[in-house]
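This report concerns only the one structure given below.
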Protein chains: 2
Amino acid sequence: MKIGIVGLGLIGGSLGLDWRSQGHYVTGISRREDICKIALNRGIADYSGTDFKLLADAEIVVICTPIQAIATTIKKIVPHLSPETIVTDVGSVKQPIVEECSQLWSNFIGGHPMAGTAESGINAALSNLFQGAAYVFTPTVESNPDNVEKLKAIALDLNAVPHVCNAQVHDRAVSWISHLPVMVSASLLKACLEEEPNTLSLAQVLASSGFKDTSRVGGGNPELGVMMAKYNREELLRSLYSYQDNLSEIIEAIEDEKWENLSVILAKNRQARPEFLN
Amino acid sequence: MKIGIVGLGLIGGSLGLDWRSQGHYVTGISRREDICKIALNRGIADYSGTDFKLLADAEIVVICTPIQAIATTIKKIVPHLSPETIVTDVGSVKQPIVEECSQLWSNFIGGHPMAGTAESGINAALSNLFQGAAYVFTPTVESNPDNVEKLKAIALDLNAVPHVCNAQVHDRAVSWISHLPVMVSASLLKACLEEEPNTLSLAQVLASSGFKDTSRVGGGNPELGVMMAKYNREELLRSLYSYQDNLSEIIEAIEDEKWENLSVILAKNRQARPEFLN
């Protein structure tokens with residue numbers, strides 16, 4: 001297939017490496033000439049440049065820009081595309097993107113390959129980044145089923161595992177497993193930092209793996225955290241309210257010294273977690 | 001020194017291994033004959049038996065039973081001790097234990113070596129388990145300073161790092177770094193498990209390291225979780241209330257779309273976490 005990739009960072013670059021290795025013809029677009037050169041040198045693209053006209057014969061275009069630039073990028077490329085071209089993105093939130101971008105291009109289908117590293121930028125691009133990872137597609141009722149099949153096929157070429165669901169279910173699920181944990185973990189750090197210095201410095205000395213793990217995602221990239229909250233606000237608030245209720249239930253059990261209730265909650269968690277993570 | 005260890009599980013056994021290797025004479029007490037045999041075979045104790053009379057010439061006795069058995073064990077051993085014997089424990093909560101046990105034995109000083117593994121029992125005992133770990137002692141104003149020095153010295157023999165503070169500061173600090181994270185993490189699992197099956201099964205497919213780390217301590221041993229809450233109830237509730245307030249602040253920022261506020265909170269966390277964990 002002729003695949004265009006717009007935005008050559010960690011995700012765009014890694015997609016290019018794997019698709020080229022499977023025999024697809026990859027055109028890489030970046031705003032910066034130096035990035036295009038790196039893309040060619042690293043074997044990320046067969047052809048690379050800054051001009052959207054290069055996408056004229058692409059069968060699939062994958063927008064790999066930051067989430068806030070996806071719609072504006074699509075507006076800029078549509079004058080250059082042939083009408084059958086499938087456009088997809090890699091944003092970590094789907095509902096607002098699908099809503100806006102389906103209006104801009106009827107053959108738009110949202111996508112989310114669930115892989116990454118702590119690094120970013122084209123130099124962080126890796127082969128086999130998506131091996132075994134979920135790759136979610138969120139077509140609407142109006143999407144052409146053939147187009148969904150074509151996207152699933154190029155996801156399989158990455159050795160990723162394609163999943164198809166609606167955008168709201170996707171956004172709910174990622175709120176539970178990714179966006180909510182960030183806010184839960186951030187609140188732990190924030191609360192802890194308010195403790196008076198004497199206790200805080202002992203806590204610091206005593207902190208080990210339990211605190212380390214529970215506070216990890218709350219100490220991550222602030223821009224990313226704000227972006228999640230901004231774009232997935234509704235679903236994140238929904239899961240936060242549910243979290244608040246469940247926290248209150250645990251607090252009540254401790255306040256009322258209902259140890260049997262607390263024990264049942266914790267035992268259920270211990271049983272469910274390994275199943276959940278398998 | 002002549003050291004008695006009462007309760008030969010992971011902690012008691014590991015203490016015995018290291019103290020013997022430093023030339024201390026260790027007497028190991030267990031309720032079970034078979035455990036005493038293992039203690040001798042594994043080099044955990046120089047002498048081992050079920051009779052508290054064996055503690056008659058011990059200079060230091062370390063109670064390594066589960067937290068709920070510490071005070072009753074001390075009641076049973078005191079008739080056999082010489083008056084100068086220092087008694088300490090290894091319980092993970094100090095205030096209630098120090099309060100009760102200081103009444104039972106005037107030379108009692110609370111202790112908490114902060115190391116462990118996921119395993120338990122004498123067969124899990126390890127050499128060098130306490131290397132580099134904090135070992136907290138919580139004397140009262142009435143404690144003999146010489147006794148504190150003797151305990152610090154045997155902690156150093158484990159290559160542990162002794163810290164001396166009052167029991168309340170200890171319990172506050174461990175609530176922040178150990179007990180609160182368990183409840184925060186347990187609430188996440190509990191809330192998530194209430195989601196309807198369709199979304200939950202997608203969440204399950206998509207869950208990766210972020211969810212895994214944030215939910216880890218909330219999926220641990222329920223008996224241990226209840227024990228923390230029971231014995232450190234007051235300090236745990238204090239940190240839970242503070243956590244609730246901080247969570248509400250983050251929720252409010254998201255509700256009101258005050259992205260700058262959220263950004264400041266997350267940026268502060270990112271900066272503080274590495275310092276905190278160093």
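Only heavy atoms go into these numbers, but all of them, side chains included; no hydrogens, no water, no symmetry mates. By convention in this document, chain letters (A, B, ...) are assigned in the order of the sequence lines, proteins followed by strands, and residues within each chain are numbered from 1.
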### Query
Can you check side-chain contact (heavy atoms from CB on, under 4.5 Å) on A:Leu189 and B:Phe276, steps first, answer last?
CA-CA 10 Å; A:Leu189 276 164; B:Phe276 194 90; 5.7 Å; no
### Query
How far apart are the C-alpha atoms of B:Met183 and A:Ile254, what are their side-chain angles, what is the distance that settles it, and do they pass the side-chain contact (heavy atoms from CB on, under 4.5 Å) test?
CA-CA 10 Å; B:Met183 301 308 158; A:Ile254 299 171; 4.2 Å; yes
### Query
Does the side-chain contact (heavy atoms from CB on, under 4.5 Å) test come out yes or no for A:Phe211 and B:Val217, once each step is laid out?
CA-CA 9 Å; A:Phe211 185 80; B:Val217 294; over 6 Å; no
### Task
I would like to know whether B:Lys230 and A:Glu257 meet side-chain contact (heavy atoms from CB on, under 4.5 Å); could you show each step before the answer?
CA-CA 7 Å; B:Lys230 218 166 175 170; A:Glu257 304 189 40; over 6 Å; no
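B:Ile177 and A:Ala207 make their closest contact through CG2-CB, 3.9 Å (heavy atoms, listed as atom of the first residue, atom of the second, distance). Shortest non-hydrogen contact noted between A:Cys165 and B:Leu202 is SG-CD2, 3.6 Å. The minimum heavy-atom distance between A:Pro181 and B:Leu188, with the atom names listed, is CG-CD2, 4.2 Å. Nearest heavy atom pair, residue B:Ala134 against residue A:Leu206, reads CB-CD2, 3.5 Å. Residues A:Ser263 and B:Pro222 share a closest heavy-atom pair of O-CB, 4.1 Å. Between B:Tyr241 and A:Ile251, the shortest heavy-atom distance links the atoms CE2-CG2, 3.9 Å.
Between the B:Arg216 side chain and the A:Thr214 main chain, no donor and acceptor come within less than 3.5 Å of each other. Side chain of A:Glu249 to main chain of B:Ser187: no donor-acceptor pair is present (N/O by atom type, distance under 3.5 Å, no hydrogens or angles). Counting only distance, with no hydrogens or angles, the side chain of A:Gln244 and the backbone of B:Ser248 share no donor-acceptor pair below 3.5 Å.
For B:Glu223, the CD atom counts as densely surrounded, since its 6.0 Å shell holds more than 12 non-hydrogen atoms of other residues, nucleotides or ligands. No more than 12 heavy atoms of other residues, nucleotides or ligands sit less than 6.0 Å from atom CD of A:Gln271. Counting non-hydrogen atoms of neighbouring residues, nucleotides and ligands closer than 6.0 angstrom, the CD atom of B:Glu255 exceeds 12 such neighbours.
Considering OG of B:Ser242 and NZ of A:Lys190, their distance stands at 9.0 Å, rounded to 0.5 Å. Atom CG of B:Leu193 is separated from atom CG of A:Asn246 by 9.0 Å, given to the nearest 0.5 angstrom. Note: B:Ser215 OG to A:Leu277 CG = 5.5 Å, rounded to the nearest 0.5 Å. Expressed to the nearest 0.5 Å, how far CG of A:Asn269 lies from OG of B:Ser185 amounts to 8.0 Å.
Your options are B:Val174, B:Val136, B:Asn221, B:Leu180, and the one with the most heavy-atom pairs under 4.5 Å with chain A is B:Asn221. For the set A:Leu237, A:Asp213, A:Leu247, the entry with the most heavy-atom pairs within less than 4.5 Å of chain B is A:Asp213. Contact count against chain B (heavy-atom pairs under 4.5 Å) is highest for A:Lys212 among A:Lys212, A:Gln168, A:Glu196. Chain A forms more heavy-atom pairs under 4.5 Å with one residue of B:Ser209, B:Ser201, B:Ser239 than with any other, namely B:Ser209. Contacts with chain A were tallied for B:Val169, B:Val226, B:Ile265; B:Val226 has the most, counting heavy-atom pairs under 4.5 Å. Ranking A:Ala191, A:Ser178, A:Ala115 against chain B, the residue ahead of the rest is A:Ala191, based on heavy-atom pairs under 4.5 Å. Comparing A:His170, A:Met114, A:Arg233, A:Glu194 by how many heavy-atom pairs each has under 4.5 Å with chain B, the most go to A:Arg233. Ranked by heavy-atom pairs under 4.5 Å with chain B, the list A:Ala133, A:Ala229, A:Gly210 is led by A:Ala229. Your options are B:Ala272, B:Gly219, B:Ser175, and the one with the most heavy-atom pairs under 4.5 Å with chain A is B:Gly219. Chosen from A:Ser208, A:Cys192, A:Ala267, the residue pairing most often with chain B at heavy-atom distances under 4.5 Å is A:Cys192.
Contact of A:Leu200 with chain B is made through backbone and side chain together, with heavy-atom distances under 4.5 Å. Neither the backbone nor the side chain of B:Val161 comes within less than 4.5 Å of any heavy atom in chain A.
For A:Arg172 and B:Glu195, the salt-bridge test fails: no basic side-chain N is under 4.0 Å from an acidic carboxylate O.
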